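Beneath this line is the structure, given in structure tokens, with notes to follow.
Note that the coordinates shown come from a computational prediction; the quantities given were computed from them, not determined experimentally. Values reported hereafter were calculated over all heavy atoms of this structure, with side chains retained and with hydrogens, waters and symmetry mates removed. Just follow the structure's listing: the first ligand is 1, and inside any ligand the first atom is 1.
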Amino acid sequence: MVTIIVGGHFGDEGKGKIVSYLANKDDIDIVVRAGVGPNAGHTVFYKNRRYGLRMIPCGFVNESAVLLIGAGVLINPKRFLEEVNITKTKGRIFIDKRCGIIEDRHRMEDMSDTHLKREIGTTGSGCGPANAERAYRTIKLAKDIPELKSFITDVPLEINNAIENGKRILIEASQGFGLSLFYGTYPFVTSKDTSASMAAVDVGIGPTKVKEVIVVYKAYTTRVGEGPMKSMITEENIAKFPIWQDVLKDAQNKGIYGNDINDILSKYLDEWGTVTHRKRRVGIFDMELAKYSAMVNGATNICITCIDKIFPECKGVKEYDKLSKRAREYIENIEKEIGVNVTLLSTGPKSDDIIDLRL
Ligand code: GTP
Ligand code: IMP
Ligand code: MG
């Protein structure tokens with residue numbers, strides 16, 4: 001059975017944490033990374049340690065799972081080997097022979113003073129220049145890199161065989177729908193589509209093999225890098241959102257100060273990029289984008305994270321009925337508007353800070 005996890009807004013929704021929970025809870029046999037490449041930063045807590053992973057699937061926390069990286073994902077060999085060491089996953093992590101390779105020159109170009117950095121605000125990880133080169137058909141592939149030899153496999157063969165044998169497979173995508181090259185806020189997007197169908201292509205399975213698509217949203221919207229953000233909270237509009245007035249009051253009571261309201265909210269909510277350490281802008285839950293994203297992704301169910309950040313009384317809650325009334329109303333409204341069942345709610349960064357409504 002195949003489940004795909006994708007981001008429903010602008011990335012950083014907490015996919016890493018959700019994957020780490022499901023990998024253990026659902027006895028997943030194979031966790032496979034889809035998405036663009038090491039521009040992603042997935043945060044996961046494991047044995048009291050925080051990991052900011054850019055290459056290795058967050059499902060590594062299930063020590064009996066096989067870990068794979070699909071052909072659509074760009075590999076930075078140095079970063080990949082570092083993470084293999086950090087996560088101690090050698091022997092159970094493999095990458096597709098056709099993964100494109102990010103070289104130093106791609107990173108240099110992404111970090112230099114070009115429109116990528118200045119206007120798009122890329123992560124500087126080299127993904128855009130490498131994908132451009134892939135389209136130009138001059139990129140190196142993983143099979144050409146001697147240091148990667150012992151990790152090479154054929155990911156589509158592995159996964160499709162596992163499906164035949166009734167195994168459970170989790171596909172971990174990266175970024176979010178609003179950053180899709182096709183459907184996002186072009187040109188302020190990443191270098192590839194980021195929807196569930198792309199994730200299936202990334203790892204080499206056909207659409208008929210996918211059983212579940214879980215779209216992950218944060219309880220509010222964040223965006224790092226340049227580009228429009230319709231739901232951004234400002235001095236002018238905060239009066240319209242009582243919940244956010246409460247959040248701001250709480251931040252001010254804690255002595256948090258900033259250049260403007262959004263700066264204060266980013267600090268209070270601890271919204272800093274995992275890869276680039278840039279501030280993430282904060283917005284109310286972008287319902288229009290969420291609905292459109294659930295539609296294009298073919299969401300079978302949805303997950304909402306960071307409930308505790310705007311409803312601190314919900315921190316670490318593990319049963320739905322123990323959430324505050326205002327939090328339950330907030331969640332039920334999202335479910336009703338999107339028209340897809342909410343099955344997972346996250347109430348803290350640790351993998352067991354979760355309400356699993358499937359149980
Ligand atoms: P990308 O692939 O980069 O889009 O990342 P991601 O979706 O895996 O999210 P990322 O880890 O970058 O950001 C999510 C942040 O929220 C991390 O710091 C997580 O530890 C944290 N987080 C996730 N879920 C929760 C939650 O329910 N509550 C709290 N307080 N923090 C959470
Ligand atoms: P690139 O993917 O590095 O080319 O960056 C393009 C845009 O996508 C920039 O606005 C980045 O901030 C954003 N972006 C890329 N990857 C992520 C991610 O994993 N989380 C959030 N934003 C991302
Ligand atoms: Mg991230």
Centres of the Tyr292 and Tyr183 rings: under 6.0 Å?
no
With a cutoff of 4.0 Å, is Gly348 in contact with ligand 1, counting heavy atoms of the residue only?
yes
Considering only protein heavy atoms, which is closest to atom 11 (C) of ligand 2, and at what distance to one decimal place?
Gly121 O, 3.7 Å
Under a 3.5 Å threshold, yes or no: a donor from one side chain and an acceptor from the other, between Lys17 and Ser346?
yes
Looking only at protein heavy atoms, which one is nearest to atom 8 (O) of ligand 2, and how far off is it?
Leu179 CD2, 3.7 Å
For ligand 1, is any non-hydrogen atom under 4.0 Å from Lys309's backbone (N, CA, C, O), its side chain (CB onward), both, or neither?
side chain
Of the non-hydrogen atoms in Glu158 and Thr153, which two are nearest, and what is the gap between them?
OE2-OG1, 2.7 Å
Modelled atom types, side-chain donor and acceptor of Ser150 and Lys90, under 3.5 Å:
yes
Residue-ligand contact Thr347/ligand 1, heavy atom below 4.0 Å:
yes
Please list, in number order, the atoms of ligand 1 under 4.0 Å from a heavy atom of Ser174.
2 (O)
Atom indices of ligand 1 within 4.0 angstrom of Ser346 heavy atoms, with elements:
24 (N), 25 (C), 26 (C), 27 (O)
Please say yes or no: joined through hydrophobic side-chain contacts below 4.5 Å, possibly via intermediate residues, are Val224 and Val189 part of one cluster?
no
Any side-chain donor near an acceptor of the partner, Arg223 and Thr185, under 3.5 Å
yes
We want to know whether Asp193 and Ser180 form a side-chain donor-acceptor pair, criterion being a heavy-atom distance below 3.5 angstrom.
yes
Please determine if His42 has a nitrogen or oxygen closer than 3.5 Å to a nitrogen or oxygen of ligand 1.
yes
When you look for heavy atoms under 4.0 Å from ligand 2, do you find them on the side chain of Phe10, its backbone, both, or neither?
backbone
Which of the numbered atoms in ligand 1 are under 4.0 angstrom from any heavy atom belonging to Gly16?
8 (O)
Between Arg280 and ligand 1, which part of the residue brings a heavy atom under 4.0 Å of the ligand: side chain, backbone, both or neither?
side chain
With respect to atom 19 (O) of ligand 2, which of Gly176, Ala40, Gly128 exhibits the smallest heavy-atom separation?
Ala40
How far is atom 18 (O) of ligand 1 from the closest protein heavy atom, and which atom is that?
Thr43 OG1, 3.8 Å
Counting only heavy atoms not in Tyr320, do more than 12 fall under 6.0 Å of its OH?
yes
N/O to N/O below 3.5 Å, does that happen between Asn39 and ligand 2?
yes
Decide whether Glu133 and Thr138 meet the rule of one side-chain donor and one side-chain acceptor closer than 3.5 Å.
yes
Check whether the side chains of Asn24 and Ser351 place a donor and an acceptor atom closer than 3.5 Å, and report yes or no.
no
Nearest atoms (heavy-atom pairs only) where Asp12 meets Lys218
O-CE, 2.7 Å
Is the backbone of Leu269 close enough, under 3.5 Å, to the side chain of Lys309 for a donor and an acceptor to pair up by distance?
yes
Check whether Asn39 reaches the backbone of Ser125 with its side chain - one donor and one acceptor, N or O, closer than 3.5 Å.
no
Closest approach of any protein heavy atom to atom 3 (O) of ligand 2, naming residue and atom:
Thr123 OG1, 2.6 Å
Quick one: look up the protein heavy atom nearest atom 2 (O) of ligand 2 and list residue, atom name and how far away it is.
Thr190 OG1, 2.6 Å
In the protein, which heavy atom is nearest to atom 21 (C) of ligand 2, and how far is it?
Asp12 OD2, 3.2 Å
Would one find an N or O of Lys17, backbone or side chain, under 3.5 Å from an N or O of ligand 1?
no
Geometry only, no angles: is Arg50 polar-contacting ligand 1 at N/O separations under 3.5 Å?
no
Between the Mg ion (ligand 3) and Asp12, which N, O or S atom of the residue is the nearest one?
OD1
May I ask whether Val224 places a heavy atom under 4.0 Å from ligand 2?
yes
Looking only at heavy atoms, the pair that brings Ile95 and Ala142 closest together is CD1-CB, 4.1 Å
Heavy-atom nearest pair, Glu13 first then Gln175, reads OE1-O, 3.9 Å
Per atom 7 (O) of ligand 1, closest listed option by heavy atom (Arg54, Glu172, Lys15)
Lys15
Heavy-atom distance under 4.5 Å between the side chains of Asp26 and Arg358, does that happen here?
yes
Taking a cutoff of less than 4.0 Å between a non-hydrogen atom of the residue and any ligand atom, is Arg278 in contact with ligand 2?
yes
Would Val189 count as a contact residue for ligand 2, given that I'm defining contact as a non-hydrogen atom of the residue lying under 4.0 Å from a ligand atom?
yes
Under 4.0 angstrom from atom 25 (C) of ligand 1, is there any protein heavy atom?
yes
Nearest heavy-atom pair of Ile171 and Ala34: which atoms, and what distance?
CG2-CB, 3.8 Å
Which residue holds the protein heavy atom closest to atom 14 (C) of ligand 1, what is that atom called, and what is the gap in Å?
Asp12 O, 3.6 Å
Please state which protein non-hydrogen atom is closest to atom 23 (C) of ligand 1 and give its distance, to 0.1 Å?
Gly14 CA, 4.0 Å
N, O or S atom of Lys15 closer to the Mg ion (ligand 3) than 2.8 Å:
no
Can you tell which of Asn131, Leu116, Thr122 gets a heavy atom nearest to atom 1 (P) of ligand 2?
Thr122
Which of the numbered atoms in ligand 1 are under 4.0 angstrom from any heavy atom belonging to Gly11?
4 (O)
Does the N or O separation between Asp308 and ligand 1 drop below 3.5 Å for any pair?
yes
Please write down residue, atom name and distance for the protein heavy atom closest to atom 18 (C) of ligand 2.
Gln175 NE2, 3.9 Å
Criterion side-chain hydrogen bond (donor to acceptor under 3.5 Å, both in side chains) on Asn301 and Thr343, from CA distance to verdict:
CA-CA 6 Å; Asn301 35 359; Thr343 51; 3.1 Å; yes
Among all protein heavy atoms in this structure, tell me which lies nearest to atom 22 (N) of ligand 1, with the distance rounded to 0.1 Å.
Cys306 SG, 4.0 Å
Would Gly41 count as a contact of ligand 1 if the rule is a heavy atom under 4.0 Å away?
yes
Hey, does Cys127 sit under 4.0 Å from ligand 2 if you only count heavy atoms?
no
Please confirm whether Arg49 makes a cation-pi placement over Tyr51, using NZ or CZ under 6.0 Å from the six-membered ring centre and within 45° of the ring normal.
yes
Mind listing the closest non-hydrogen atom pair of Asn237 and Met232 along with its distance?
ND2-O, 3.0 Å
